[in-house]
Amino acid sequence: MTEEEKRDKDIVLISLSQSKLLEPMKQTSYNGGYLFLQNIFHSLKLDKICRDIQDDYKFEYDLADVLSRLIYSRIIYPSSKLSTFEDSKSFIEQPTFELHDIYRSLDVLAEKCDTIQEFLYENSKKVVNRNTSVLYYDCTNYFFEIEEERGNCRYGKSKEHRSLPIIQMGLLMDGNGFPLSFVIFPGNENERPSLIPVERKIIKDFGITKFVVCTDAGLASKENREFNIQKNCSYIVTQSLKKD
């Protein structure tokens, strides 16, 4: 082992010829920046979660490979699923899946969304400090370049004031600003009823029973306040002095 360690410290020289022409249409450079994200991906054991899901569904493509590429590309250069697949080919490690595998995996990820969030929270506690004594919740929506409603994409009040179908998302963060849980709901629904189901999920699945939830005035309904004065829960909410 000592000899191997000494050999690993040898200086390696690479010779390049300026007169040699590169083959056309052949990739000669690769993106290695995603390796920092890969370290986080494995630290959170997302690869293990994907393997467990894959064992249940018995499909052939590597779900961890698909999910990791979707995450890396979303952070490095957000784009469509087709562009994500093409961009993955610029990584040092080439994708082991095809484009149609990405579309198939989305249904699986959506179905196992709650399970992934639960395991991700447990694994994240070993990587970062999770402050769950104070929780922040807010909602936003995303518009789609379509003219007809489809699934949860419904006509509603868009943040961008666009007359296009939207989908709504509620995000719950812990006191340190790390995402804790999220929920997706139709664009034509009011955001206020979305808070209690998210809280019930973290109480039941995450085991978080004592917290103070902070929201803006848009989520300050009577039902939400009553729910957050039970047991060890409480709330802080924006309130207009004029309306008081």
Side-chain angles (χ1 to χ4, degrees), residues 23-121 123-124 140-156 158 160 162 164-171 179 181-188 201 205:
E23 296 182 23
M25 307 303 293
K26 181 179 180 181
Q27 185 173 347
T28 57
S29 62
Y30 296 87
N31 185 343
Y34 74 96
L35 294 174
F36 297 98
L37 300 175
Q38 188 180 72
N39 181 45
I40 300 174
F41 184 87
H42 289 282
S43 297
L44 295 173
K45 297 182 180 180
L46 279 166
D47 54 327
K48 182 181 183 303
I49 296 174
C50 291
R51 285 196 299 270
D52 293 341
I53 295 175
Q54 190 164 341
D55 291 340
D56 293 338
Y57 282 81
K58 307 297 182 183
F59 45 69
E60 296 182 356
Y61 61 85
D62 189 340
L63 182 62
D65 196 24
V66 175
L67 179 60
S68 63
R69 296 310 188 271
L70 288 172
I71 293 174
Y72 302 159
S73 296
R74 179 62 56 184
I75 296 174
I76 299 173
Y77 24 59
S79 57
S80 65
K81 290 172 281 294
L82 174 59
S83 297
T84 295
F85 176 69
E86 295 299 329
D87 292 336
S88 297
K89 297 178 182 178
S90 67
F91 294 160
I92 296 174
E93 298 164 299
Q94 295 295 292
T96 61
F97 54 87
E98 299 297 332
L99 177 62
H100 60 265
D101 294 327
I102 295 182
Y103 292 99
R104 291 176 178 174
S105 67
L106 295 179
D107 292 332
V108 178
L109 294 173
E111 186 173 338
K112 290 292 184 177
C113 182
D114 291 343
T115 303
I116 294 174
Q117 291 185 57
E118 179 184 350
F119 279 99
L120 191 57
Y121 167 69
N123 296 337
S124 68
T140 188
N141 52 54
Y142 307 91
F143 70 88
F144 290 78
E145 296 289 352
I146 55 177
E147 296 181 356
E148 296 182 357
E149 296 180 332
R150 181 191 308 161
N152 284 338
C153 297
R154 301 289 178 177
Y155 285 107
S158 171
E160 293 85 6
R162 296 172 182 259
L164 294 170
I166 60 174
I167 191 168
Q168 305 219 64
M169 175 183 178
L171 177 65
S181 181
F182 72 91
V183 62
I184 299 293
F185 54 99
N188 60 349
K201 181 169 66 174
D205 298 336

Salt-bridge criterion met for Asp55 and Arg51 (N-O under 4.0 Å): no

Side chain Gln168, main chain Asn141, donor-acceptor under 3.5 Å: no

Under 3.5 Å donor-acceptor, Glu149 side chain and Tyr155 backbone: yes

Heavy-atom neighbours of Phe119 CZ exceed 12 at 6.0 Å: no

Rounded distance (nearest 0.5 Å) linking atom CG of Asn152 with atom CZ of Phe144: 9.5 Å

Gln54 vs Tyr61 side-chain heavy atoms within contact, under 4.5 Å: no

Residues, nucleotides or ligands: over 12 heavy atoms within 6.0 Å of Glu160 CD: yes

Side chain proximity check, Leu35 to Phe91, heavy atoms < 4.5 angstrom: no

Non-hydrogen atoms of Gly32 and Ile92 that approach each other most closely: CA-CD1, 3.9 Å

Non-hydrogen atoms of Ser88 and Ser73 that approach each other most closely: OG-OG, 4.3 Å

Under 3.5 Å donor-acceptor, Asn39 side chain and Phe36 backbone: no

Side-chain touch Asn123/Ile49, heavy atoms, less than 4.5 angstrom: yes

Test side chain to side chain contact (heavy atoms under 4.5 Å, CB included) applied to Ser29 - qualifying residues, sequence neighbours left out: none

Within 6.0 Å of NZ in Lys201, more than 12 heavy atoms from elsewhere: yes

Separation of Thr140 OG1 from Ile167 CD1 (nearest 0.5 Å): 12.0 Å

CG-OG1 distance between Leu120 and Thr115, expressed to the nearest 0.5 angstrom: 12.0 Å

Candidate pair Asn31 and Tyr77, rule side chain to side chain contact (heavy atoms under 4.5 Å, CB included), full reasoning: CA-CA 12 Å; Asn31 185 343; Tyr77 24 59; 3.5 Å; yes

Ile76 vs Leu37, side chain to side chain contact (heavy atoms under 4.5 Å, CB included): CA-CA, chis, key distance, verdict: CA-CA 10 Å; Ile76 299 173; Leu37 300 175; 4.0 Å; yes

Check: Leu171 and Pro179 side chains under 4.5 Å, non-hydrogen atoms: yes

Gln27 atom CD: more than 12 heavy-atom contacts under 6.0 Å: yes

Side chain to side chain contact (heavy atoms under 4.5 Å, CB included) evaluation trace for His100 with Phe85: CA-CA 10 Å; His100 60 265; Phe85 176 69; over 6 Å; no

Sequence-distant partners of Gln38, side chain to side chain donor-acceptor pair (under 3.5 Å), two or more places apart: Glu93

Between CG on residue Asp114 and CD on residue Glu111, distance to nearest 0.5 Å: 11.0 Å

Spacing of CD belonging to Glu148 relative to SG belonging to Cys153, to within rounding of 0.5 Å: 12.5 Å

Separation of Ile75 CD1 from Ile40 CD1 (nearest 0.5 Å): 7.0 Å

Residue pair Lys112 / Asp56: nearest heavy atoms and the distance that separates them: NZ-OD2, 4.3 Å

Side-chain heavy atoms of Asp52 within contact of Lys48, under 4.5 Å: yes

Parallel, tilted or perpendicular: ring planes of Phe59 versus Tyr57, cut at 30 and 60 degrees: tilted

Arg69 vs Phe97 side-chain heavy atoms within contact, under 4.5 Å: yes

Nearest heavy atoms of Cys113 and Phe182, plus distance in Å: SG-CZ, 3.4 Å

Residue pair Ser105 / Val66: nearest heavy atoms and the distance that separates them: OG-CG1, 3.2 Å

Parallel, tilted or perpendicular: ring planes of Phe41 versus Tyr72, cut at 30 and 60 degrees: perpendicular

Short side-chain donor-acceptor distance under 3.5 Å, Asp65 and Thr96: yes

Shortest non-hydrogen contact from Cys50 toward Leu63: O-CD2, 3.9 Å

Beyond-backbone contact of Ile116 with Ile53, side-chain heavy atoms, under 4.5 angstrom: yes

Qualifying residues under salt bridge (charged side-chain N to carboxylate O under 4.0 Å, His left out), relative to Asp205, sequence neighbours excluded: none

Sub-4.5 Å side-chain heavy-atom contact between Ile102 and Leu70: yes

